[in-house]
Every structure is written in structure tokens, then in C-alpha cells.
Amino acid sequence: MKGISYRGNHICFGRYALQALEPAWITSRQIEAGRRAMTRNVRRGGKIWIRIFPGQTSYSKTYRTSMGSGKGSPEYWVAVVKPGRILYEMGGVAENIARKAISIAAGQQRGPRLMCIRIIGTSNRRYANIGDVIVAVIKEAVPNMPLERSEVIRAVIVRTCKELKRDNGMIIRYDDNAAVIIDQEGNPKGTRILVRSSGN
């Protein structure tokens, strides 16, 4: 996908906004997930505008379908987003609340969903902690991205819902699980590397 967004790239309704920095296909489920995350975070105290609409259909063929049988059945609806496009706008809340809500919504938009298979370096541990390298399989892939569903990858855990207790007594807990996809040498893949993780 080439070019930038020349329309819909300015704040029109609210005071704060989430803007795309790279091209992507955003599904209708991801748009709704971002809206729910923002509404839950502001506790119905502000107003939210959705500036994109999933108006394009993505088709897929079943396995072993012969050539010349058409383009397949509709699988999901997507919004084609170019760099610079405003995704959400928010108003009627303080800046710190808006920043937190928009950052949560941004985490819902991109990144495949992973399922942990094995924790590298351990044999009997059931759950992974922050900093552990895991072998995972992609359960839900992002459209128009190099990673595909059922692909086995390596990732390092960067956030967990389970509390982490430091040596000084401080307890750290995050709202979700997240990991960074890495290659065999341990280097992160891609430019946007934060992904949502399910399970461990």
C-alpha cells in the first residue's frame, strides 16, 4: 500500500486523537475492540468518535480449492488505512486520561494473537514471566502482514497480568499480556513489535 492519507488526517470533532503512522488493514473487530477499550477506560466520562469505517471485504478460499472458482466467500470486513489517517478522536476528558485510553486502543489495533507452547530454558514451569523467551504459535494473524496463522515463532514476554514482585518489595501488574516477536538471534522483528498474547 503506497502513499499517505490526504483526507481524514486532521482533528475535527474532539481534542485528542489516535493517528496511524503506517499502512494497515484494520478489521471491524479491531475497531470495536479499540472503542470498547477507550469507553471502559474513560468510564463514560467523555465522548469518542470513530473516524474509520470497515467498508472493504476480504475474501478467502478454502483449502484445496481449484483455480478459476471465483475469489471465494467473504471472510471479514476491513478499513484500509494509510499513514496519517485519524482513527479515533476523544473529547471531554483530561489529558492524562485521554493518553491512557488512546494508548490502550492503539494496543488493540495491531499485532497478532499468540498462544504459548513452551518456555525456553525451563522444563517444569507452567507460566511464563517477564523476560522469558517462549515458543508460540500465531492464533490470529493481522491481514496484509508477513506473519501467518499457525506459524511457529519465538517471542519474549514484556507484560503479564500476573503480579511481579521485585526485590525491594514493589509489585508490578499490567492490564494485559504482551510479547515481542524475535528471530533466532534474539533481535526483534518488524518496526511495530508489540503484540497481544493470550494464555501464558
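- Hydrophobic clustering of Ile, Leu, Val, Met, Phe, Trp and Tyr side chains at less than 4.5 Å, counting indirect connections, unites Val135 with Val180.
- Other residues, nucleotides and ligands place no more than 12 heavy atoms under 6.0 Å from the CG atom of Asp167.
- Proximity of Tyr127 to Lys162: side-chain heavy atoms (C-beta onward) are nowhere separated by under 4.5 Å.
- No donor-acceptor pair closer than 3.5 Å links the side chain of Arg15 to the backbone N or O of Val93.
- For Arg99, the CZ atom sits in a loose shell: 12 or fewer heavy atoms of surrounding residues, nucleotides or ligands are nearer than 6.0 Å.
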*asked:* Checking Ile4 against Lys82 for the side-chain contact (heavy atoms from CB on, under 4.5 Å) test, could you report, in this order, the C-alpha distance in whole Å, the side-chain angles of both residues, the deciding distance, and whether it holds?
replied: CA-CA 5 Å; Ile4 61 175; Lys82 292 184 178 181; 5.6 Å; no
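- Panel note: side chain Arg85, backbone Pro23; no donor-acceptor pair is recorded below 3.5 Å.
- Note on Ile97: it clusters hydrophobically with Leu87, by side-chain heavy-atom contacts below 4.5 Å among ILVMFWY residues.
- With hydrogens and angles ignored, the 3.5 Å screen pairs a side-chain donor or acceptor of Arg173 with a backbone N or O of Cys161.
- In this structure, the separation between CG on Leu114 and CD on Glu151 is 10.5 Å, given to the nearest 0.5 Å.
- In this structure, Pro83 and Ser5 have side chains that are not in contact, with every pair of non-hydrogen atoms separated by 4.5 Å or more.
- A distance-only check finds a donor-acceptor pair linking the side chain of Ser103 to the backbone of Lys100 [under 3.5 Å].
- Looking at every heavy atom in both residues, Asn129 comes nearest to Arg125 through ND2-NH1, 3.1 Å.
- Side-chain contact between Ile102 and Met38: present, with at least one pair of heavy atoms (C-beta onward) separated by less than 4.5 Å.
- One hydrophobic cluster, built from ILVMFWY side chains closer than 4.5 Å, holds both Val133 and Val152.
- Contact detail for Asn187 and Asp183: the closest heavy-atom pair is N-OD1, 2.7 Å.
- Rounding to the nearest 0.5 Å places CZ of Arg35 at 14.5 Å from CH2 of Trp49.
- Glu89 contributes no side-chain N or O that, together with a main-chain N or O of Ala17, makes up a donor-acceptor pair within less than 3.5 Å.
- Minimum heavy-atom separation, Tyr88 to Gln30: OH-O, 3.9 Å.
- For the residue pair Met90 and Ala101, the shortest heavy atom distance occurs at CE-CB, 3.7 Å.
- Separation of atoms CD1 (Ile157) and CG (Asp132) is listed at 7.0 Å; rounding is to 0.5 Å.
- Between Ala105 and Gly34, the closest heavy-atom pair is CB-O, 3.8 Å.
- Hydrophobic cluster membership is shared by Tyr16 and Ile31, with clusters built from Ile, Leu, Val, Met, Phe, Trp and Tyr side chains linked at under 4.5 angstrom.
- Remark: Ile86 CD1 to Cys12 SG distance equals 8.0 Å, nearest 0.5 Å.
- Taken to the nearest 0.5 Å, the CD atom of Gln56 stands 9.5 Å off from the CH2 atom of Trp77.
- Here the straight-line distance linking atom CD1 of Ile50 with atom CG of Leu18 works out to 11.5 Å at 0.5 Å rounding.
- Contact check on Glu32 versus Arg29 returns no salt bridge, with no Lys/Arg side-chain nitrogen under 4.0 Å from an Asp/Glu carboxylate oxygen.
- Ile182 and Ile120 fall within the same hydrophobic cluster, defined by Ile, Leu, Val, Met, Phe, Trp and Tyr side-chain heavy atoms under 4.5 Å apart, directly or through other members.
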